[in-house]
Amino acid sequence: TFIEWYVSWRSKGIYKRYDSEIADEIQGIIDGLEGKVEQNKIIRSSAFFDLIMNYACTSFAAKETAPSNGRLLVGRNVDFGGAGSFDVPFITGYQPDNGYRFASFGVPVWNLSGVTSFNEKGLLLISHIAIVKDANLKARPIGELIRKIIQHCATIDEALVLIKNTPRMCGLNLILA
C-alpha cells in the first residue's frame, strides 16, 4: 500500500539514530519474535508516530489548590487513525537495568514507550505529537526521547533539560506532572 511505502521511505536509516540502550531493546524484540515479524517493520514501528502523524488525541491536567486536597487530576483520550492498528491498547510495566521502573500505556505499533507513562519517582508524562517547522527526519525519533524522560528523569526540571538538549524528528506537546 501507499502508507507502507511512505513509512518505509521516511524511515530509511532510522535504526542508526537510536542510542545503544534503545537499539539493544529493539534488537531484543526482533530476536524474541524469531522472524515472525519482518525486522524492518519492528524498527519502523518504534518511530511510527514520527513517520505518520495521523492522530487527534487530547489530554488535560488540573490541580486542586485547596490545602486539604492538592490532588492532581489527569485524563486523556486516544484518537489514532490507522484502520484498526490502535484498537488494542495495552499497559506495560518496565524494570530496566538502568534508570527508574515505569509503567506505560501504549499501542502495539509503538514498542519503545507508551503515549502515557509514569515512573517510580512519581513523574507522569502524557505525550502528543505536534506539527512544527523545525522537525528533522535525521534527528532522534520522539519515542526515544519519551522513553529517556520516563526512565531517567525523576523531576520535571530534569525532563525539561533533556527535552531542550535533544533534537527530534517531530514536534511534541507534553504534560509533565
Side-chain angles (χ1 to χ4, degrees), residues 17-26 28-29 45-82 85-132 134-136 139-177:
R17 292 194 293 275
Y18 284 113
D19 71 19
S20 61
E21 182 178 43
I22 300 297
D24 289 348
E25 184 167 331
I26 293 170
I29 292 167
S45 74
S46 62
F48 185 81
F49 294 125
D50 302 86
L51 302 170
I52 293 293
M53 298 183 74
N54 180 19
Y55 24 74
C57 306
T58 55
S59 294
F60 70 88
K63 183 171 171 127
E64 195 168 320
T65 58
S68 63
N69 189 332
R71 293 184 293 182
L72 181 67
L73 175 66
V74 295
R76 83 161 298 140
N77 75 326
V78 284
D79 290 335
F80 298 123
S85 303
F86 304 101
D87 293 345
V88 186
F90 62 93
I91 297 173
T92 305
Y94 293 83
Q95 294 185 5
D97 292 336
N98 298 304
Y100 305 115
R101 294 175 297 166
F102 64 97
S104 184
F105 167 81
V107 292
V109 298
W110 208 18
N111 53 35
L112 295 180
S113 60
V115 293
T116 301
S117 304
F118 62 93
N119 69 20
E120 67 179 294
K121 294 296 184 181
L123 184 65
L124 170 75
L125 181 149
I126 300 174
S127 61
H128 295 277
I129 306 305
I131 297 172
V132 296
D134 64 347
N136 180 353
R140 299 257 190 221
I142 205 70
E144 180 179 313
L145 174 61
I146 292 168
R147 173 65 176 269
K148 286 185 169 300
I149 292 169
I150 207 63
Q151 183 175 336
H152 297 288
C153 296
T155 67
I156 293 171
D157 288 339
E158 289 176 4
L160 291 175
V161 168
L162 187 58
I163 292 165
K164 289 176 184 175
N165 292 315
T166 305
R168 49 204 172 271
M169 286 179 70
C170 68
L172 182 66
N173 293 325
L174 290 176
I175 293 178
L176 292 166

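Just so you know, these numbers use all the heavy atoms, side chains as well, and skip hydrogens, waters and symmetry mates. Just so it is clear, the model here is predicted, and its values are computed rather than measured.
Nearest heavy-atom pair across Ile150 and Leu123 is CD1-O, 3.5 Å. Minimum heavy-atom separation, Ala177 to Leu72: CB-CD2, 3.2 Å. In this structure, Ile175 and Ser59 approach most closely via the heavy-atom pair CD1-CB, 3.6 Å.
Remark: side-chain polar atoms of Gln151 are not paired, donor with acceptor, to backbone N or O of Gly99 under 3.5 angstrom.
Annotation: cation-pi pair Arg147/Tyr94 present, NZ/CZ under 6.0 Å from the ring centroid and within 45° of its normal.
Applying the side chain to side chain contact (heavy atoms under 4.5 Å, CB included) test between Ile146 and each of Leu125, Thr116, Ile126 identifies Leu125 as the sole match. Of the residues Ile163, Asn119, Leu160, Ile156, the one that meets the side chain to side chain contact (heavy atoms under 4.5 Å, CB included) test with Ile149 is Ile163.
Contact check for Cys153 versus Leu162: side-chain heavy atoms found under the 4.5 Å cut-off. His152 places a side-chain heavy atom less than 4.5 Å from the side chain of Glu21.
Atom-to-atom distance recorded for Arg101:CZ and Phe118:CZ is 11.0 Å, nearest 0.5 angstrom.
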